[in-house]
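Structure first, then comments.
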Amino acid sequence: MKKHMILSAAIAAVLGLQTGMSTPAHAESSLSNGTGSAEAAAGAKAAVTAASALSHAEAVYKAALPLFSSGKLPQAIAYMNANLYAVSPYQATVLTLKLENLHKALLSSYENKFSSSDVQRKLISVYKAGVSMSKLAESTDNQALRALLKSAGESGYKLETAEGTFFPVIDYAAYRKYKLYVTSDIRDYISIMATESDLPPSKDNGLVISWGDVAARALAQEQFTRNYPKSNRLAAVKTLYTMYTANTFYGQNNTPLFHYDNQEMDLEAQKAYSSILSKNSDASPFLQKLEGFMKLMKSNGYLLDDAAKQYLKTEVPLA
């Protein structure tokens with residue numbers, strides 16, 4: 001009881017809840033009693049340290065919130081990069097999701113700026129795949145374009161191109177540094193989104209990643225939905241999973257799973273899917289559908305016949 005009162009007093013002192021209160025007389029006497037004194041002092045010190053850490057984390061967390069509400073992306077990113085280690089996993093997760101929300105909210109504004117014909121024309125001579133916005137900004141003498149690229153880069157976007165058009169996207173690779181501090185579901189979510197950011201699955205209505213990567217990403221996304229059914233980002237991953245499931249079983253217009261001329265399944269897809277099934281024995285709904293599909297394909301010579309069409313319609317219907 002005596003030690004409890006000392007710990008309470010120490011915590012309260014740090015949190016400013018008992019300003020001006022003195023240590024009770026019976027607590028003071030316990031501090032002068034040999035072993036009891038050492039234990040009480042150690043306990044009080046630990047309590048002070050813990051309370052101080054909690055107080056600091058809360059202060060760091062609260063100081064970040066106005067940056068998001070005011071839409072100051074560069075400042076929010078800089079603050080998180082410097083201070084995220086100091087908050088709790090829950091607080092770090094909230095701040096990371098707030099940053100993503102702000103990235104999504106302000107993306108359309110940057111899209112509009114980049115969509116102007118003047119900017120598009122000037123980007124033709126500047127753009128290089130995989131080069132950051134800040135590096136691209138350094139490569140142009142046009143002050144307006146340099147300012148736009150610099151602003152977008154500092155705000156956490158990178159430049160992509162498809163069908164002859166340049167546009168900004170969220171640079172999820174930059175979120176990887178936050179994985180050390182957030183909860184497990186958001187850590188896995190960052191991994192999924194960074195993979196998408198590093199290498200988008202399709203361009204110009206065709207796949208630009210291998211069939212094996214398509215199925216592997218679908219499997220990772222399905223695993224997320226099974227592991228974290230209550231995650232704040234469950235809906236986002238489900239949307240990705242739906243897209244990747246369709247890509248797995250149908251392909252895209254310019255890279256169909258079944259060739260248009262002879263209705264035969266792509267040979268590389270055959271090899272990739274067979275390899276994935278041989279390496280995975282998990283009771284995954286996705287793998288079960290893929291296994292059933294590949295058994296049917298093997299039996300009918302890998303052709304898109306009526307039986308294959310019916311299987312796809314029943315097991316993997318398109319929305």
Side-chain angles (χ1 to χ4, degrees), residues 64 67-68 70-85 95-182 189-210 213-214 217 236 240 243 247 252-255:
L67 298 175
F68 298 105
S70 61
K72 297 179 178 179
L73 262 174
Q75 294 91 329
I77 292 170
Y79 187 87
M80 285 185 62
N81 290 348
N83 297 287
L84 202 63
Y85 74 93
L95 294 180
T96 299
L97 296 184
K98 282 183 175 292
L99 179 62
E100 186 193 28
N101 288 341
L102 186 56
H103 265 134
K104 291 179 178 179
L106 298 183
L107 180 57
S108 61
S109 173
Y110 276 103
E111 287 174 337
N112 290 335
K113 294 175 182 177
F114 276 92
S115 68
S116 79
S117 57
D118 184 51
V119 170
Q120 291 288 312
R121 186 173 59 254
K122 291 172 181 175
L123 284 172
I124 294 174
S125 60
V126 174
Y127 177 77
K128 291 182 180 179
V131 177
S132 69
M133 290 275 203
S134 60
K135 290 295 183 182
L136 292 176
E138 294 172 3
S139 67
T140 179
D141 294 327
N142 184 278
Q143 295 302 312
L145 182 60
R146 175 178 290 187
L148 176 59
L149 289 167
K150 186 173 183 293
S151 173
E154 290 176 348
S155 295
Y157 300 103
K158 68 176 187 174
L159 198 63
E160 283 288 350
T161 181
E163 299 180 348
T165 301
F166 302 99
F167 51 90
V169 297
I170 300 171
D171 184 9
Y172 279 101
Y175 278 70
R176 284 194 173 103
K177 64 177 69 71
Y178 307 141
K179 289 172 62 175
L180 291 172
Y181 313 112
V182 297
Y189 173 73
I190 290 172
S191 294
I192 288 172
M193 298 306 294
T195 297
E196 294 295 293
S197 177
D198 290 344
L199 185 56
S202 61
K203 286 188 178 182
D204 302 331
N205 211 16
L207 294 171
V208 295
I209 61 176
S210 70
D213 284 341
V214 170
R217 290 189 189 186
L240 273 179
M243 180 185 75
N247 286 341
Q252 294 191 5
N253 286 347
N254 290 334
T255 48

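None of the values given here were measured: they were computed from a predicted structure. Note that the numbering runs from 1 along the sequence shown for the chain.
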Taking the inter-plane angle between the rings of Tyr172 and Tyr189 on a 0 to 90° scale, is it parallel (under 30°), tilted (30 to 60°) or perpendicular (over 60°)? perpendicular
Which heavy atom of Leu102 sits nearest a heavy atom of Lys72, and at what distance? CD2-N, 4.3 Å
Any idea which heavy atoms bring Lys179 and Ser191 closest together, and the distance? NZ-OG, 2.7 Å
To the nearest 0.5 Å, how far apart are CG in Asp171 and CG in Leu159? 11.5 Å
Would you compute the distance between atom CD of Glu160 and atom NZ of Lys203 and round it to the nearest 0.5 angstrom? 4.5 Å
Where at least one partner belongs to residues 129-158, residue pairs that pass ring-ring contact (aromatic ring centres under 6.0 Å, His included), sequence neighbours excluded: His103-Tyr157, Tyr110-Tyr157
Atom CG in Asp204, atom CD in Glu163: separation rounded to 0.5 Å? 5.0 Å
Quick one: side-chain hydrogen bond (donor to acceptor under 3.5 Å, both in side chains) pairs with a partner in residues 136-150, sequence neighbours left out? Lys150-Glu154
Would you say Gln120's side chain and Phe114's backbone share a donor-acceptor pair under 3.5 angstrom? yes
Spatial distance of atom CZ (Arg217) from atom CD1 (Ile209) [nearest 0.5 Å]: 4.0 Å
Is a side-chain N or O of Ser151 found less than 3.5 angstrom from the main chain of Ala147, in a donor-acceptor match? no
Which of these, Leu97, Thr96, Leu95, sits in a side-chain contact (heavy atoms from CB on, under 4.5 Å) with Val182? Thr96
